[in-house]
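Before any comments, here is the structure.
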Amino acid sequence: MVGLKDELLKAIWHAFTALDLDRSGKVSKSQLKVLSHNLCTVLNVPHDPVALEEHFRDDDEGPVSNQGYMPYLNKFILEKVQGNFDKVEFNRMCWTLCAKKNLSKSPLLISDEDAFKVWVIFNFLSEDKYPLIIVPEEIEYLLKKLTEAMGAGWQQEQFDLYKIALNTSREGLSAWELIDLIGSGQFSKGMDRQTVSMAVNEVFNELILDVLKQALPDKDGKKCLFLIKCLDKSFEISASDKKKKQEWIQAIQTTVSLLRAGSPPPHKEARQKRKELRQKLLAEQEELERQMKELQAANENKQKELETVRKQLEAAAARAAEEEKKRLQTQVELQDRFSLELEREKMVRQKMEEQVAQKSSELEQYLQRVRELEEMYNQLQEALEVEKQARQDEETVRKLQARLLEEESAKRAELEKWHLQQQQTIQMTEAEKQELENQRMIKEQALQVAMQQLEQLELERKEALEQYEEVKKKLETAANNTRSWKDKVAHHEGLIRLIEPGKQGSKNPHLITNWGPAAFTEAELEQREKSWKGKKASSE
């Protein structure tokens, strides 16, 4: 009864969807009552007006919605159907309710009766889902049946083109579109209206009424006879030709076999097989689509992973290139810095050498002057003790200066040695640069310390020169005093007098030099000596 219920629901669905809607967009209760009464009548189901009123009583939500009709239809009508009803009458009642509203107004090559039969065939071949449609495979099956019944040849290429156009726009056709397709004569060109009607009737009898073969009209004479033996009587049947005879025999044998086995008609079994095949193909297609989606998802994930790895490799390559660039830039900067430092050291060394040469020249001149002064000191040693002491101070300063020069030369030699070591360090390999850089920094620090010491020595040498200048000034003062004294002696005496012995018993005897009487007494010389020693001690 499940199959019967599904077939009934398809026809009822057409009738229900054709009902008019009220202002609220719902089917009115009165129309549902009329539809239910008509269904009970054609299906031979007892009508229960009380249950109908109870099910469709008014409530606060207004008229009953169309979704609310299905429970009543199942419980009070379809579950009570016994199968003792006229299928054609039931379908005609549903057709009457929906055809006027949905049938095309354009002229068709088939009659209204043929359109009704096509509508019933549609309900039999349509899919079990709503809204109802007939898929291209069932359309092809029906058109082949009609073409075979009309005795025409099937045009597969024409239908393939139609199928391609249909698949691009929709999944299938509705009942009214199928009627338009058959009624337009697209697949029955060259056939008259009577031939098309005969084919529709033959397919209707086979698919809907389960009639495999029908008795041809009586003809003169009996030809192609065959005999059917039953339990109570036998039937002698005549066919129009041998082909029709064989078809009749085959149809009768098929019917007997089906009745014995209790199997459904072959067209229903074929329809069920086609449905099962479509469902299987659909399931396989869905499974294939699912697998394709899984493969696509896996492929996308793999592509994402590959893209991630590629981006990581690109990032790593970029970082490596950047690090190599920085390393080369650092190397160039270090080389430039080394070159700059070497150039600076060269300039400093050259400047120091120039200064040393200048100082050496000055020292040579200074030593020449010292030698000249020493000669003067030798000549004036006996005349003035102060000059003698000045020469000793000058000698001390000279020794200090010489010591400073020696230290300066040692430092310069040490600087030259460090400079050579730096040149050797620059020529070493890149792998040793970092260690050499540390050593160079240490040597630079030592160089800075040596430079500071050199500056300190330079400062001390300058201080020694200042002391020497002071002694020199004192010596010049003493020399001037001596020259002044000599000039006075020469002016007053005119000639060099011999040294005269001092007078006995004198308290302050005058000092006599080879130039004459001294300009200072012994006490004055002692006083001057003490004063000079005090200044020297304070300066040291």
Check step by step if side-chain contact (heavy atoms from CB on, under 4.5 Å) holds for Leu35 and Phe16. CA-CA 8 Å; Leu35 175 62; Phe16 181 80; 4.1 Å; yes
Please determine whether side-chain contact (heavy atoms from CB on, under 4.5 Å) holds for the pair Tyr162 and Gln186, giving the CA-CA distance in whole Å, both sets of side-chain angles, and the decisive distance to 0.1 Å. CA-CA 10 Å; Tyr162 172 79; Gln186 181 177 351; 4.0 Å; yes
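- Pairing each heavy atom of Glu127 with each of Leu132, the nearest pair is O-CD2, 3.5 Å.
- We find that Arg290 and Glu294 are joined by a salt bridge, their nearest charged nitrogen and carboxylate oxygen being less than 4.0 Å apart.
- The closest donor-acceptor contact from the side chain of Asn44 to the backbone of Asn84 lies under 3.5 Å.
- Side-chain contact check for Ile134 versus Glu177: every heavy-atom pair is 4.5 Å or farther apart.
- Side-chain atoms of Val42 and Asp86, non-hydrogen and from C-beta on, never get closer than 4.5 Å to each other.
- With hydrogens and angles disregarded, a donor-acceptor distance shorter than 3.5 Å links the side chain of Asn167 to the backbone of Lys163.
- Each salt bridge (Lys or Arg N to Asp or Glu O under 4.0 Å) pair with one or both residues in residues 312-324, not counting sequence neighbours, appears once here: Arg310-Glu314, Glu324-Arg327.
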Please lay out, stage by stage, how Glu341 and Arg344 fare under the test side-chain contact (heavy atoms from CB on, under 4.5 Å). CA-CA 5 Å; Glu341 291 293 333; Arg344 186 180 300 172; 3.6 Å; yes
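- Between the side chain of Glu171 and the backbone N or O of Val135, no donor-acceptor pair lies under 3.5 Å.
- Note on ring orientation: taking the six-membered ring where Trp is involved, the planes of Tyr130 and Trp13 are tilted (angle from 30° to 60°).
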Given the rule in the side-chain hydrogen bond (donor to acceptor under 3.5 Å, both in side chains) test, do Glu307 and Gln303 qualify, once you have shown the distances and angles that lead to the verdict? CA-CA 6 Å; Glu307 184 67 17; Gln303 290 291 337; over 6 Å; no
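- The residue from Trp176, Phe122, Phe90 that alone fulfils the ring-ring contact (aromatic ring centres under 6.0 Å, His included) condition with Trp95 is Trp176.
- With values rounded to the nearest 0.5 angstrom, Ile133 atom CD1 is found 13.0 Å from Leu125 atom CG.
- A distance of 9.0 Å separates SG in Cys98 from CG in Leu103, rounded to the nearest 0.5 Å.
- Using a 30° and 60° split on the angle between ring planes, His37 and His47 fall in the perpendicular class, above 60°.
- The side-chain heavy atoms of Ile77 and Ile12, taken from C-beta on, include no pair separated by under 4.5 Å.
- Put simply, the side chain of Glu7 reaches to within 4.5 Å of the side chain of Phe124, judged on heavy atoms.
- Atom CD1 of Ile179 and atom CD1 of Ile110 lie 6.5 Å apart (nearest 0.5 Å).
- Under the 3.5 Å distance criterion, the side-chain polar atoms of Thr195 are left unmatched by any main-chain donor or acceptor of Met191.
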Apply salt bridge (charged side-chain N to carboxylate O under 4.0 Å, His left out) to the pair Lys351 and Glu354, showing each step before the final yes or no. CA-CA 5 Å; Lys351 186 175 180 181; Glu354 292 177 355; over 6 Å; no
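- The two atoms that bring Asn123 and His14 nearest to each other are OD1-NE2, 3.1 Å, heavy atoms only.
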Could you walk me through whether Phe187 and Leu181 pass the side-chain contact (heavy atoms from CB on, under 4.5 Å) check? CA-CA 8 Å; Phe187 292 93; Leu181 176 65; 3.8 Å; yes
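- Here Asp336 contributes atom CG and Glu343 contributes atom CD; the two are 12.5 Å apart, rounded to the nearest 0.5 Å.
- Taking a cutoff of 4.0 Å between a charged side-chain nitrogen and a carboxylate oxygen, Lys144 and Glu140 qualify as a salt bridge.
- In the model, Glu287 has a side-chain atom that pairs as donor or acceptor with a side-chain atom of Gln291 under 3.5 Å.
- Among all heavy-atom pairs drawn from Ala11 and Asn91, the shortest one is CB-OD1, 3.8 Å.
- Between Cys40 and Pro46 the shortest heavy-atom distance is SG-O, 4.4 Å.
- The nearest pair of heavy atoms linking Leu39 to Cys94 is CD2-SG, 4.4 Å.
- Applying the side chain to side chain donor-acceptor pair (under 3.5 Å) test to Ser126 and every residue at least two apart in sequence or in another chain returns Lys10.
- Considering only residues two or more places apart in sequence or on other chains, Ser30 meets the side chain to side chain donor-acceptor pair (under 3.5 Å) condition with Ser28.
- Under the 4.5 Å side-chain criterion, counting only non-hydrogen atoms from C-beta, Met352 is in contact with Met451.
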For residues 112-119, which side-chain N or O atoms pair as donor and acceptor with protein atoms under 3.5 Å away, sequence neighbours left out?
unit_1 : atom_1 : unit_2 : atom_2 : d
Glu113 : OE1    : Arg92  : NH1    : 3.0
Glu113 : OE2    : Arg92  : NH2    : 3.0
Asp114 : OD1    : Ser197 : OG     : 3.1
Asp114 : OD2    : Ser111 : OG     : 3.2
Asp114 : OD2    : Ser197 : OG     : 2.9
Lys117 : NZ     : Asn201 : OD1    : 2.4

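- Put simply, the side chain of Tyr141 reaches to within 4.5 Å of the side chain of Lys145, judged on heavy atoms.
- Of all heavy-atom pairs between Ala15 and Leu97, the closest is CB-CD1, 3.8 Å.
- Residues satisfying the side chain to side chain contact (heavy atoms under 4.5 Å, CB included) test with Lys80, not counting sequence neighbours, are Val45, Phe76.
- Screening residues 291-327 for ring-ring contact (aromatic ring centres under 6.0 Å, His included), with sequence neighbours left out, gives no hits.
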